[in-house]
Asker: 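One structure, pasted below without further comment.
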Amino acid sequence: MAVQDSGALLVGLLLLFHTWGAWAAVEVSMEDRVEVFRGETAQITCMFTSDDGVGALMIQWSYVIKGVERQRIYYQDSTTNEVERRTRFTDRISVNGNGATGQVVLTIRDVQLEDELDFICQIKSLTDGHGEGLTKLKVFVIPEPPTIEAVGKGISINEQNPSKIATCEVINGFPRPNITWYKNGIPQYNVPDVVNVLASSTVQSSGLFSVKSELSLMVTKEDKDATFYCDVSFFVPGETRMFESKNTTITVHYPSTAVNVWVESPKGKIKEGDSIELHCSGDGNTPSIFNFKHKDVEYGESKTLVLKNVTRLQTGDYECHSMDMDTYEELNGTVNVFVNYLDPAVVKPDGPAELAQGAEMMATCNALSSLNTQTTWFKDGVQMISKGPTLNLKDATLDTAGSYMCVVTAPEIEGMETRGMLEVYVQSRPEITKPDNTDIEESFENIVKLECQARGFPVPTVLWTTSDGKVLKTASQEETKDGVLLSVTSLKVTSDIMVFCNASNEYGTDMVTFNIKAKGSGVIIAVIIICILLLAILGSVLYYLYKKGKICGRSGKQDLTKEKSNKDNIVVEMKSDNTEEAVLLGVNGEKQPTSDQSGEYLDVQK
């Protein structure tokens, strides 16, 4: 009976304590969630109020397993505080504060994906009862930028179902990223039979998400110019961020409704001799076959036709035929090609013209052309003398003679021109252009070159003669472009002489004279002086020997004897002391008689 009463008393006390404790429970306050990037440090704060002191409090941290079971990771009371052993957080957590300030902080280092859990802070008091709070730890990983890949083939607008446009993929994000499609900046969402967005996701072994999304559309012709891209939105601590992919386009196949044909080159008017390039294209984008036709000539299958060195015969309509490979629909397009022409210039008179001096002449130059033309006349290729197709020459002189050229151009096309030539000759006697110097002084036996320029029509004949009646050979003779005859001769100078250039034709003659003076040679003069000096020396020696009596003797006879010798004798004229008679000694000892044989003869040997 006593035992039963004691048990009843204990139960009553417990009920009383529980009722009082509930009325005086500890109040705990915690954040709903704490967000961190993977690898960072998380701090979870637990704030509470209690009338008891620190010594009457028990603090406990735990996390929830599978939403039900709790796993304690930390315990603290008035006598001890310790981290629970053999849990995933044993080496990575710490708790700051002992409850004296009504706040304790759980610190978790190197947070990983599997740490995304509910953490519970439990406070127990001896008198105030107990209280607890819960904070969710959220972990984030930024994914890689998205990649987009469009379909590689063209898409026909005749497809019956939405066609695949592109695929967008993002990898290695946490939590799961979201993909949104855009066409020309407008979001694309599922619309039955029009837009289809199919998304799928996978979880990697690392726990990170990879998401792939495929966009399909019913393609229209306007989509040929559309741009597509995707963006990826993902959560990070305290905000949402977004990545955009690159833009992509698609090839849309749509049938042509018309065929365009045009001249790609040359730009502007076409002339004979040009190369023409024609292009053909439909306004659709489906595979098609193209070919060109002109009159009855068909060209090969091609969207381009090149015609080289065209003539006016190729003027006309060029037709391009197109056949759609999907629908087999046939279309035609046409372009007109006009080849402008400029015929060769026709000059009248059509041959060389001969005029008498003082005469007049009119020449014309015309060229048939598909364009307006302009004609300009030139003389000798340089001087412009007239404009227009008519050339009038009046009071002809030798200066009127020459080569006349007419140039006919079509100003509307650069480089389109033709030319004609007319040679004009004026009948006249020859006229020689007098050289700048006709008085020539040249060294003895040197060669002198002479030139003579004569003009006239018919072309004169040039003859070179000298004052001593000789005819010189012509070294060269040519007619220049301006109708002047250039004749050249050469002469070896041996004495003063005159050379004549004679020009003649059926209308008269003309002549120019060259006066050539021979200059003495220094070598010849030196030789003559040396010879004179030698003769003077020889005479002096003979006179000296005569005075000494070495070469003469008196025999009383006036005859001259000759001694035989291997050397030549010298002839000497001697006078005796008493007479005016002279003796001549001949060379080689031969006696040379004088006009008076009564004088003395001396035999003199060399």
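The chain is numbered in sequence order, starting from 1.
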Asker: Mind listing the closest non-hydrogen atom pair of Gly316 and His294 along with its distance?
Answerer: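 Where Gly316 meets His294 most closely, the heavy atoms are CA-CE1, 3.9 Å.
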Asker: Closest heavy-atom contact between Pro411 and Asn372?
Answerer: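 Between these two residues, the closest heavy atoms are CD-O, 3.5 Å.
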Asker: Have Asn332 and His321 got a donor and an acceptor in their side chains that come within less than 3.5 Å?
Answerer: yes
Asker: Which heavy atom of Cys121 sits nearest a heavy atom of Met30, and at what distance?
Answerer: CB-SD, 3.5 Å
Asker: Taking it one step at a time, do Thr286 and Asp324 satisfy side-chain hydrogen bond (donor to acceptor under 3.5 Å, both in side chains)?
Answerer: CA-CA 7 Å; Thr286 54; Asp324 191 292; 2.2 Å; yes
Asker: Looking at Glu264, I want to see if its CD is surrounded by more than 12 non-hydrogen atoms of other residues, nucleotides or ligands under 6.0 Å.
Answerer: yes
Asker: Give a yes or no on whether the backbone of Met58 and the side-chain of Asp77 come within a donor-acceptor separation of less than 3.5 Å.
Answerer: no
Asker: Rounded to the nearest 0.5 Å, how far apart are CG of Asn291 and CD of Glu298?
Answerer: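 If I round to the nearest 0.5 Å, the distance is 6.5 Å.
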Asker: Determine, stepwise, if the pair Asn172 / Glu144 fulfils side-chain hydrogen bond (donor to acceptor under 3.5 Å, both in side chains).
Answerer: CA-CA 6 Å; Asn172 299 333; Glu144 297 182 17; 3.1 Å; yes
Asker: What I want to find out is whether Asp223 reaches Lys183 closely enough, with some N-O distance under 4.0 Å, to be called a salt bridge.
Answerer: yes
Asker: Quick check: do Thr220 and Tyr254 have side-chain heavy atoms less than 4.5 Å from each other?
Answerer: no
Asker: Look at the side chain of Glu116 and the backbone N and O of Val139, then say whether any donor-acceptor pair between them is shorter than 3.5 Å.
Answerer: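 Checked: pair present.
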Asker: Does Tyr341 have Arg312 sitting over its ring (NZ/CZ under 6.0 Å from centre, angle to axis within 45°)?
Answerer: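 So Arg312 does make the cation-pi contact.
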Asker: When you compare the side chain of Ile165 with that of Trp181, does any pair of heavy atoms fall below 4.5 Å?
Answerer: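 With C-beta onward as the side chain, the pair stays apart.
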Asker: Take atom NZ of Lys387 as the centre, draw a 6.0 Å sphere, and report whether it contains more than 12 heavy atoms from other residues, nucleotides or ligands.
Answerer: no
Asker: Taking Glu319 for the side chain and Asp317 for the main chain, is one N or O donor matched with an acceptor at less than 3.5 Å?
Answerer: no
Asker: State, to 0.1 Å, how close Ala345 and Thr418 come at their nearest heavy-atom pair, and which atoms those are.
Answerer: N-OG1, 3.1 Å
Asker: Between the side chains of Arg241 and Glu239, is the shortest nitrogen-to-carboxylate-oxygen separation below 4.0 Å, so that they form an ion pair?
Answerer: yes
Asker: Quick one: do Arg33 and Glu35 make a salt bridge, cutoff under 4.0 Å?
Answerer: yes
Asker: Measure centre to centre between the rings of Phe234 and Phe174, then say whether the value is under 6.0 Å.
Answerer: no
Asker: Can you confirm whether Thr364 sits close enough to Val347 that some side-chain heavy atom of one is under 4.5 Å from a side-chain heavy atom of the other?
Answerer: no
Asker: Please test Glu330 against Tyr328 for side-chain hydrogen bond (donor to acceptor under 3.5 Å, both in side chains), starting from the C-alpha separation and ending with a verdict.
Answerer: CA-CA 6 Å; Glu330 296 185 4; Tyr328 298 102; over 6 Å; no
Asker: To the nearest 0.5 Å, how far apart are OG1 in Thr376 and CE in Met405?
Answerer: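 Here the rounded value is 9.5 Å.
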Asker: Is Glu412 salt-bridged to Lys271, going by a charged N under 4.0 Å from an acidic O?
Answerer: no
Asker: Return the minimal non-hydrogen interatomic distance between Val339 and Thr315, and the atom names on each side.
Answerer: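 The pair with the smallest heavy-atom distance is N-OG1, 2.9 Å.
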Asker: Find the distance between OG (Ser163) and CD1 (Ile155) and round it off to the nearest 0.5 Å.
Answerer: 5.5 Å
Asker: Is there a side-chain contact between Leu278 and Phe292 (heavy atoms, below 4.5 Å)?
Answerer: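 Yes. Closest side-chain heavy atoms under 4.5 Å.
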Asker: Give a yes or no on whether Glu27 atom CD has more than 12 heavy-atom contacts from other residues, nucleotides or ligands under 6.0 Å away.
Answerer: no
Asker: Are any of the side-chain nitrogens in Arg72 or Glu84 under 4.0 Å away from the carboxylate oxygens of its partner?
Answerer: yes
Asker: Using the rule side-chain hydrogen bond (donor to acceptor under 3.5 Å, both in side chains), only one of Gln122, Arg70, Glu132, Lys124 pairs with Gln60; which is it?
Answerer: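 Output: one option passes, namely Gln122.
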Asker: Would you check if the side chain of Thr373 reaches a backbone N or O of Thr409 as a donor-acceptor pair within less than 3.5 Å?
Answerer: no
Asker: Distance-only, no hydrogens or angles: does the Trp377 side chain make a donor-acceptor pair with backbone N or O of Gly388 under 3.5 Å?
Answerer: yes
Asker: Kindly compute the distance separating CG (Leu113) from CZ (Phe209), expressed to the nearest 0.5 Å.
Answerer: 9.0 Å
Asker: For the pair Ile289 and Met325, evaluate side-chain contact (heavy atoms from CB on, under 4.5 Å) and give the outcome as yes or no after the intermediate values.
Answerer: CA-CA 7 Å; Ile289 296 176; Met325 296 299 294; 3.4 Å; yes
Asker: Can you tell me if Glu149 and Thr167 form a side-chain donor-acceptor pair at under 3.5 Å?
Answerer: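 There is no such pair between these side chains.
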Asker: Hydrogens and angles aside, do Glu159 and Asn161 bring a side-chain donor and acceptor to less than 3.5 Å of each other?
Answerer: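 Per modelled atom types, Glu159 and Asn161 side chains form no pair under 3.5 Å.
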Asker: Below 4.5 Å, heavy atoms only, C-beta onward: do Phe119 and Leu137 meet side chain to side chain?
Answerer: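 Phe119 vs Leu137: side chains touch.
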Asker: So with a 6.0 Å cut-off around CZ of Phe235, is the heavy-atom count from everything else above 12?
Answerer: no
Asker: Show the nearest heavy-atom pair for residues Asn309 and Gly273, with the distance to one decimal.
Answerer: OD1-CA, 3.2 Å
Asker: Counting only heavy atoms not in Asn190 (residues, nucleotides, ligands), do more than 12 fall under 6.0 Å from its CG?
Answerer: yes
Asker: Rounded to the nearest 0.5 Å, how far does SG of Cys365 lie from NZ of Lys348?
Answerer: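 Nearest 0.5 Å value for the NZ-SG distance: 11.5 Å.
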Asker: Does the side chain of Asp283 come under 3.5 Å of the side chain of Thr257 through a donor N or O and an acceptor N or O?
Answerer: yes
Asker: Is Asp115 salt-bridged to Arg92, going by a charged N under 4.0 Å from an acidic O?
Answerer: yes
Asker: Mind telling me whether Tyr229 and Tyr182 have parallel, tilted or perpendicular rings, with 30° and 60° as the class edges?
Answerer: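 Aromatic pair Tyr182/Tyr229 classed parallel.
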Asker: Supply the atom-to-atom distance Leu117 CG to Thr135 OG1, rounded to the nearest 0.5 angstrom.
Answerer: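 If we round to the nearest 0.5 Å, Leu117:CG and Thr135:OG1 are 12.5 Å apart.
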Asker: Is the shortest distance from a Lys or Arg side-chain nitrogen in Glu214 or Lys212 to a carboxylate oxygen in the other one below 4.0 Å?
Answerer: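 Salt bridge: no.
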Asker: Going by distance alone, is a donor N or O of one side chain under 3.5 Å from an acceptor N or O of the other, for Glu277 and Thr304?
Answerer: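 Absent: no donor and acceptor within the cut-off.
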Asker: Would you check if Glu40 and Val111 make a side-chain contact, meaning some heavy-atom pair closer than 4.5 Å?
Answerer: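 No, side chains not in contact.
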Asker: For a quick check under 3.5 Å, do Ser201 and Arg176 share a side-chain donor-acceptor pair by atom type?
Answerer: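 The answer is yes; a qualifying pair exists.
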Asker: Before you tell me yes or no, could you show the steps for Glu272 and Thr311 under side-chain hydrogen bond (donor to acceptor under 3.5 Å, both in side chains), namely the whole-Å CA-CA distance, both residues' side-chain angles and the distance that decides it to 0.1 Å?
Answerer: CA-CA 5 Å; Glu272 287 188 318; Thr311 68; 4.9 Å; no
Asker: Answer yes when Glu114 and Arg88 have at least one side-chain N-carboxylate O distance shorter than 4.0 Å, and no when they do not.
Answerer: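 Between Arg88 and Glu114 there is no salt bridge, as every charged N stays at least 4.0 Å from the carboxylate O atoms.
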Asker: Can you tell if the side chain of Asn336 reaches within under 4.5 Å of the side chain of Thr334, non-hydrogen atoms only?
Answerer: no
Asker: Keeping the roles fixed (side chain from Thr41, backbone from Arg109), state whether a donor-acceptor pair exists under 3.5 Å.
Answerer: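 Here the side-chain-to-backbone pair does not exist.
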Asker: So, does Asn184 use its side chain to make a donor-acceptor pair with the main chain of Thr227 at under 3.5 Å?
Answerer: yes
Asker: Decide yes or no on side-chain contact (heavy atoms from CB on, under 4.5 Å) for Ile44 and Glu31, but give the supporting numbers first.
Answerer: CA-CA 8 Å; Ile44 303 175; Glu31 296 178 282; over 6 Å; no
Asker: Decide yes or no for Val95 and Trp61: does some side-chain heavy atom of the first lie under 4.5 Å from some side-chain heavy atom of the second?
Answerer: yes
